[in-house]
Amino acid sequence: MKKWNRRRAAGQRGWFRSNRQRSTQDQPRSGHYDASSHRASQRYEDQIPSSSTPSSSSSSSSSSSSNTSSVAPELPGFYFDPEKNRYFRLLPGHNNCNPLTREQLQEKEREKQRNKMLAEDEKPRKKAPRTGLNTSLLLQKRHLGMLPENSYHRLVHEVKVSAMRRHKLEIQSTDNSNPNTDNFRLIVGDSACERVFTVNDVSHGGCKYGIMNFSSSRGSLSVEMCDNLYFTNRKVNSICWASVNYPDSHVLLCLVGAADTPGCVSLLPASLFSNSNPDQPGMLCSFKISSAWSCAWCLNPQFDKTFSTGLSRRVILKDAETGRTQTYSTGSDVLAQQFAVRVPVLFNGCRSGEIFSIDLRQRVRRDQSSKASRFHQESAITSVRVLQDENYLLAADMLGQIKLWDVRVTKPVQEYKGHYNEHAYLPIHVNEPEGLLLAVGQDCYTRLWSLKDGHLLRTIPSPHPVANDLIPSVVFSSKLGGCRGLPGLLMAVKHDLYYFPYNTDYQEEGEEQESF
């Protein structure tokens, strides 16, 4: 029995030895590896490969007599780099001794794809968003009566979206000695998009906020930052413009408490941030709140001085003039809010995925539910937007799902695919005159969809490498800079500001001065 076991073990060693020699012969000559050594991975520490998938990588033959490429065999625990033409050891997770991990390979591939898309966007001529869709063909169909006017305008906007190119804007300030080095966190434009409220993260902690003024002339866009910047050690969770005295006269802020400083909701006059107005009025309204997630301002004439805040398991409605407060209990944290305009109805999106409405005209009794209508999505709601036809509502959640709901039947009628989100608190933006829906994903890509049919029109990569703290914030307007402004996309990322205009003849301010 012992002799038979020794023969069996010797046969197994011989089989492994021959199989190892056979696998070594199948590999390229320069592609040797050593599974018990970390030397190869250490030499490759600063040169992470850029192959898309380790299992499908291929190496080019170095022999001049053969032009065909042989597929390298897949080895468990190793990665074959086609550029180096050799294997490298691959360890799961993060490891300081061996930096070559699957996560870093995926990050390298994403960065390679981003740079490729940036290079394509720099080309003067871009492809049409759909096959056979171009301006001349649309104009021809319209002259022949084959295309209705509404459809013509919508399709023309799609062509213009595909032709948008990136331009960097220089922010003008009276204090030129102190350039802006703090990263943008949020930008929110007013209804005319002449002013944009900005929130920047400060390096030593907290944030600062102010207003940028935009003006458009001779096909260019200029930006001026106000001198009166305010600093706070609390995090700004939500912003919306408020019409107290006149349209967009104030800014409503939700500030989260930090350490011994409690959270609050503040209603600030926009004149605080004016360079030309020396008189700075005091804060109109401020009240302490432990955790405010969202806020919204009502534009309905019946409740034109009312604003709401979404809290943990509560919704507070407050009259800015009289101070009258009404509280509604909810079963979850309210992360997103927006009022309808024609009817005084407040729509709320919760962490539980529930979306419900509150009718401000309804008198709620103690045992009566305040929810006029309710429906659900699969994850926490990050943004809700009511369309001009207030029977429809857009909602986005933390699974990356964006759905268009018919409020009357509480059913989704359209879905916009491609948005990426795992856990971030990200808004969505709607521009109905252009027929566009915009959203920035957690992967730092800005995507534009056709609002009517849900078709993905354009994917814009971030000009900076992808990072969780560098997610771009965007504003889209049909008239950016006022009534004579140009339609386009405004993007704030890191400490830079970019403009993507519809007009392909757009000139930057420096180029315009040289031409004159």
Do [X] and [Y] sit within salt-bridge range, that is, some charged N less than 4.0 Å from a carboxylate O?
| X | Y | value |
| --- | --- | --- |
| R110 | E107 | no |
| E122 | R166 | yes |
| R114 | D443 | no |
| K371 | E354 | yes |
| K403 | E378 | yes |

| request: List the steps and the verdict of side-chain contact (heavy atoms from CB on, under 4.5 Å) for D248 and E194. | output: CA-CA 11 Å; D248 302 324; E194 294 179 340; over 6 Å; no
Side chains of [X] and [Y] in contact at under 4.5 Å (non-hydrogen atoms):
| X | Y | value |
| --- | --- | --- |
| L486 | Y499 | yes |
| K411 | D406 | no |
| C350 | I355 | no |
| H167 | L221 | no |
| L436 | L457 | yes |
| V236 | L255 | yes |
| Q338 | W297 | no |
| L229 | N200 | no |

Locate the shortest heavy-atom distance separating [X] from [Y]; write the atom from each residue and the value.
| X | Y | value |
| --- | --- | --- |
| R447 | Y420 | NH1-N, 4.1 Å |
| L311 | A292 | CD2-CA, 3.7 Å |
| R385 | I428 | NE-O, 3.3 Å |
| V345 | S357 | CG1-CB, 3.7 Å |
| M491 | P463 | SD-CD, 3.8 Å |
| L456 | L448 | CD1-O, 3.5 Å |

| field | Set of salt bridge (Lys or Arg N to Asp or Glu O under 4.0 Å) partners for D190, sequence neighbours left out | value |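 Testing D190 for salt bridge (Lys or Arg N to Asp or Glu O under 4.0 Å), a comparison that skips the adjacent residues, returns R195.
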Taking atom [atom1] of [X] and atom [atom2] of [Y], what is their separation to the nearest 0.5 Å?
| X | Y | atom1 | atom2 | value |
| --- | --- | --- | --- | --- |
| S222 | I171 | OG | CD1 | 12.0 Å |
| C207 | F184 | SG | CZ | 13.0 Å |
| D496 | N183 | CG | CG | 9.0 Å |
| N421 | I471 | CG | CD1 | 7.5 Å |
| L147 | L139 | CG | CG | 10.0 Å |
| K235 | D201 | NZ | CG | 9.0 Å |

| request: Tell me yes or no: between the side chains of S294 and S238, is some donor less than 3.5 Å from an acceptor? | output: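 S294 vs S238: no donor-acceptor pair found between side chains.
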| Does the side chain of Y392 pick up a donor-acceptor pair with the side chain of R408 at under 3.5 Å? |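 Yes, a side-chain donor-acceptor pair sits under 3.5 Å.
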| Per the side chain to side chain donor-acceptor pair (under 3.5 Å) rule, which among S477, S478, S450 passes with E434? |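 When side chain to side chain donor-acceptor pair (under 3.5 Å) is applied between E434 and each of S477, S478, S450, only S478 qualifies.
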| message | Surrounding CZ of R314 (heavy atoms of other residues, nucleotides or ligands, distance under 6.0 Å), is the total greater than 12? | response |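 Incorrect, the count does not exceed 12.
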| request: Look at atom CH2 of W293 and say whether more than 12 heavy atoms of other residues, nucleotides or ligands are closer to it than 6.0 Å. | output: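 At most 12 heavy atoms, drawn from other residues, nucleotides or ligands, come within 6.0 Å of this atom.
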Could you list the donor-acceptor pairs under 3.5 angstrom formed by side chains in residues 412-419, with sequence neighbours left out?
from, atom 1, to, atom 2, distance (Å)
Q414, NE2, K452, O, 3.4
Y416, OH, L451, O, 2.6

Using modelled atom types only, decide if a donor and an acceptor are shared between the side chain of [X] and the backbone of [Y] within a distance under 3.5 Å.
| X | Y | answer |
| --- | --- | --- |
| S462 | C444 | no |
| W449 | A439 | no |
| S249 | V244 | yes |
| Q337 | G310 | yes |
| D453 | H455 | yes |
| Q388 | E432 | no |
| Y425 | L335 | yes |
| T382 | A396 | yes |
| N348 | V334 | no |
| S266 | L268 | no |

| task | Report the C-alpha separation of Q442 and N468 in whole Å, then their side-chain angles, then the decisive distance to 0.1 Å, and conclude whether the side-chain contact (heavy atoms from CB on, under 4.5 Å) test is met. | result | CA-CA 7 Å; Q442 199 173 346; N468 288 332; 4.1 Å; yes
| request: Just grab all the ring pair (Phe, Tyr, Trp, His ring centres under 6.0 Å) pairs involving residues 337-357, residues at least two apart or on different chains. | output: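 Residue pairs with at least one partner in residues 337-357: there are none.
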| field | Distance flag, aromatic centroids of F476 and F500, threshold under 6.0 Å | value |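 They do not qualify: ring centres at least 6.0 Å apart.
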| query | Would you call the rings of H464 and H495 parallel, tilted or perpendicular if under 30° counts as parallel and over 60° as perpendicular? | reply |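 The rings of H464 and H495 sit tilted, inter-plane angle from 30° to 60°.
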| message | The test is side-chain contact (heavy atoms from CB on, under 4.5 Å); show your working for C298 and L346 and say whether it passes. | response | CA-CA 8 Å; C298 184; L346 173 65; over 6 Å; no
| said: Set out, in order, the CA-CA distance, both residues' side-chain angles and the distance that settles side-chain contact (heavy atoms from CB on, under 4.5 Å) for L387 and L404, then state yes or no. | reply: CA-CA 10 Å; L387 300 187; L404 177 65; 3.7 Å; yes
